[in-house]
Amino acid sequence: MENNQNILQDSFGRKHTYLRISLTELCNLRCTYCMPAEGIPLSPKSHIMNFDEIYTIAKTFVDHGVTKIRLTGGEPLVRRDAEVILKKLATLPVELAISTNAVIVDRFIETFKSCGIQNINVSLDSLDAKKFNQITRRNDFEKVYKNIQLLIDEGFNVKLNAVLIKGFNDDEIIDFIKLTKTLPVAVRFIEFMPFDGNKWDKSKMMSYAEVMSLVNAEFDENDVLRIADAPNDTSKNYKIKGYNGSFAIISSVTNPFCDSCNRIRLTANGQLKNCLFSSTESDLLTPLREGKDIKPLIKKAMQAKFKIRGGMDTLEKLEEPKLHSKNRSMIAIGG
Ligand code: SAM
């Protein structure tokens, strides 16, 4: 590892070892909390990283200490050359993982296996077909549910990500947890976060504390077990005694985990984001195409990383539309 420059350490001493790469801004779902109804202005195709560029940038990060890469989007699997990209990245000495909505995941089982991908995060916001179709603006519930079962049967570690929206799916929290009685999955409840154009408001957000009070009202307190969080984990993990799976809460809004943040993000058009919430980005793709060394740019971007949530260090600042609307929509960041 060429670690002589420590380019992935920020000014607060945090080392960034986890890179999330968005493969595309396109998606086969239209989740209301993720993208505006009118869609987003897409980058011209020529501005999207090709597979060689993805590999070259990823390799630079891996050479400097990145040990885990998660592919995301948009929906990473709708990219035509998704399989080629996965196979190329699998040659790097890195743990590869993927976040997907699982609509077409059945076509990739063998590719995942040959690439050594074991950890798959699947978005699933409702267990009710009608509600699922309503929030995703598509009718794919049955396909997704079947594909989740397929992933489990094929031996993958599956996490189900549910974004909680009050009045929409908060009545399903207990149903989701009960699913883990038999299914060996980790259900992760995500606090609804504000991004450009997603009509966020605090009253729609279900907080960590609110989720736990529902859990504690439903289950005997001796049966709700707090289990170990993995290092740099963004989630607080729990399990119901005797259940096969587990559940967790990702509390980016009420309880940010910035102190132990080890994440950086590369958008599909080659912009480095040093934080999910940052309103600024560093272009790596243009200089790469010009044959320039991107390492000094990466170092500069890491040095500019704020201590907390892209500088929105209080809940009041996060709630201020003028601040969070400077960020992209989630669809174009890659959650
Ligand atoms: N298409 C893939 C998928 O469905 O997982 C990857 C991209 S998606 C943007 C990644 C994750 O971001 C999903 O779990 C999604 O639910 C989450 N997400 C999107 N918008 C969000 C928001 N406003 N608040 C919290 N999570 C959000």
Side-chain angles (χ1 to χ4, degrees), residues 7-14 16 18-27 31-44 47-49 57 61 70 72-74 99 163 190-202 204-205 234 250-288 294 296-335:
I7 60 173
L8 296 181
Q9 184 161 327
D10 71 11
S11 59
F12 302 97
R14 293 174 293 199
H16 294 79
Y18 183 4
L19 174 66
R20 299 169 73 100
I21 304 178
S22 172
L23 297 189
T24 177
E25 297 168 355
L26 303 174
C27 191
C31 301
T32 55
Y33 55 79
C34 186
M35 74 191 287
E38 66 279 13
I40 56 159
L42 294 172
S43 303
H47 292 197
I48 298 291
M49 296 182 291
I57 297 178
F61 280 99
R70 174 174 297 281
T72 176
S99 289
V163 177
I190 307 179
E191 286 180 350
F192 180 33
M193 297 182 274
F195 292 97
D196 189 26
N198 77 351
K199 300 202 169 75
W200 183 86
D201 92 59
K202 200 169 136 194
K204 292 189 198 160
M205 192 197 68
T234 53
I250 302 184
S251 54
S252 330
V253 178
T254 63
N255 236 310
F257 23 78
C258 306
D259 281 352
S260 60
C261 182
N262 66 341
R263 285 147 198 253
I264 34 180
R265 294 176 154 82
L266 184 64
T267 64
N269 64 345
Q271 310 295 305
L272 177 64
K273 280 182 81 77
N274 60 17
C275 170
L276 177 59
F277 290 101
S278 74
S279 54
T280 57
E281 304 173 344
S282 308
D283 183 9
L284 299 186
L285 184 57
T286 311
L288 181 81
I294 59 170
L297 300 168
I298 296 173
K299 183 172 184 175
K300 194 168 166 211
M302 296 318 303
Q303 289 303 309
K305 177 160 173 156
F306 281 96
K307 190 162 192 281
I308 296 178
R309 278 191 308 232
M312 293 182 284
D313 48 6
T314 62
L315 202 49
E316 290 70 35
K317 286 187 195 166
L318 189 68
E319 283 169 29
E320 173 53 60
K322 269 196 221 115
L323 293 178
H324 66 243
S325 66
K326 284 191 203 146
N327 198 355
R328 294 167 175 242
S329 294
M330 187 68 136
I331 177 99
I333 302 175

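No experiment lies behind these values; they were computed from the predicted model shown. Computed from heavy atoms alone, side chains included, the values below leave out hydrogens, waters and symmetry copies. For this chain, numbers begin at 1 and follow the sequence in order.
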For the atom pair [atom1] ([X]) and [atom2] ([Y]), what is the distance rounded to the nearest 0.5 Å?
| X | Y | atom1 | atom2 | result |
| --- | --- | --- | --- | --- |
| K305 | S11 | NZ | OG | 10.5 Å |
| I21 | T72 | CD1 | OG1 | 10.5 Å |
| L42 | I48 | CG | CD1 | 8.0 Å |
| K202 | L315 | NZ | CG | 5.0 Å |
| I308 | L318 | CD1 | CG | 11.5 Å |
| M302 | I264 | CE | CD1 | 5.0 Å |

Looking at R309 and D313, is there a salt bridge between them, counting it only when a charged N and a carboxylate O are closer than 4.0 Å?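 No, this pair does not count.
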
Do any N or O atoms from the side chain of [X] and from the backbone of [Y] form a donor-acceptor pair under 3.5 angstrom?
| X | Y | answer |
| --- | --- | --- |
| S251 | V253 | no |
| Q271 | N269 | yes |
| E25 | G73 | no |

Whether the T254 and E191 side chains hold a donor-acceptor pair (N or O, under 3.5 Å, no angle test) is what I'd like checked.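 Looking only at side-chain atoms, E191 and T254 do form a donor-acceptor pair, the distance falling under 3.5 Å.
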
Between E281 and T267, do the side chains contain a donor N or O and an acceptor N or O under 3.5 Å apart?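 Per modelled atom types, T267 and E281 side chains form no pair under 3.5 Å.
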
For the residue pair [X] and [Y], establish whether any side-chain heavy-atom pair is separated by less than 4.5 Å.
| X | Y | value |
| --- | --- | --- |
| N274 | D10 | no |
| M193 | L276 | yes |
| M49 | L266 | yes |
| I298 | F61 | yes |
| M330 | C31 | no |
| Q9 | H16 | no |

For F12 and D259, run side chain to side chain contact (heavy atoms under 4.5 Å, CB included): C-alpha distance rounded to whole Å, both residues' side-chain angles, the deciding distance at 0.1 Å, then the answer. CA-CA 9 Å; F12 302 97; D259 281 352; over 6 Å; no

F277: ring pair (Phe, Tyr, Trp, His ring centres under 6.0 Å) partners, not counting sequence neighbours: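 Counting only residues at least two positions away or on another chain, F277 forms a ring pair (Phe, Tyr, Trp, His ring centres under 6.0 Å) with F195.
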
ring-ring contact (aromatic ring centres under 6.0 Å, His included): pairs with one or both residues in residues 296-316, sequence neighbours excluded: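 Listed once each, the pairs would be none.
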
Can you give me the closest heavy-atom contact between [X] and [Y], atom names plus distance?
| X | Y | answer |
| --- | --- | --- |
| G310 | C275 | N-SG, 3.3 Å |
| L297 | L284 | CB-CD2, 4.0 Å |
| V163 | F192 | CG1-CA, 4.0 Å |
| A268 | L23 | CB-C, 3.8 Å |

Take S99 and R20 through the test side chain to side chain contact (heavy atoms under 4.5 Å, CB included) and record every step on the way to the result. CA-CA 10 Å; S99 289; R20 299 169 73 100; 4.3 Å; yes

Please name the residue in the list R70, R263, R265 that meets the side chain to side chain donor-acceptor pair (under 3.5 Å) test with Y18.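 The single option meeting the side chain to side chain donor-acceptor pair (under 3.5 Å) with Y18 is R70.
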
For S279 and M312: C-alpha separation, side-chain torsions, deciding distance, then whether side chain to side chain contact (heavy atoms under 4.5 Å, CB included) applies. CA-CA 10 Å; S279 54; M312 293 182 284; over 6 Å; no

With sequence neighbours excluded, residues passing side-chain hydrogen bond (donor to acceptor under 3.5 Å, both in side chains) with K307: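 Counting only residues at least two positions away or on another chain, K307 forms no side-chain hydrogen bond (donor to acceptor under 3.5 Å, both in side chains).
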
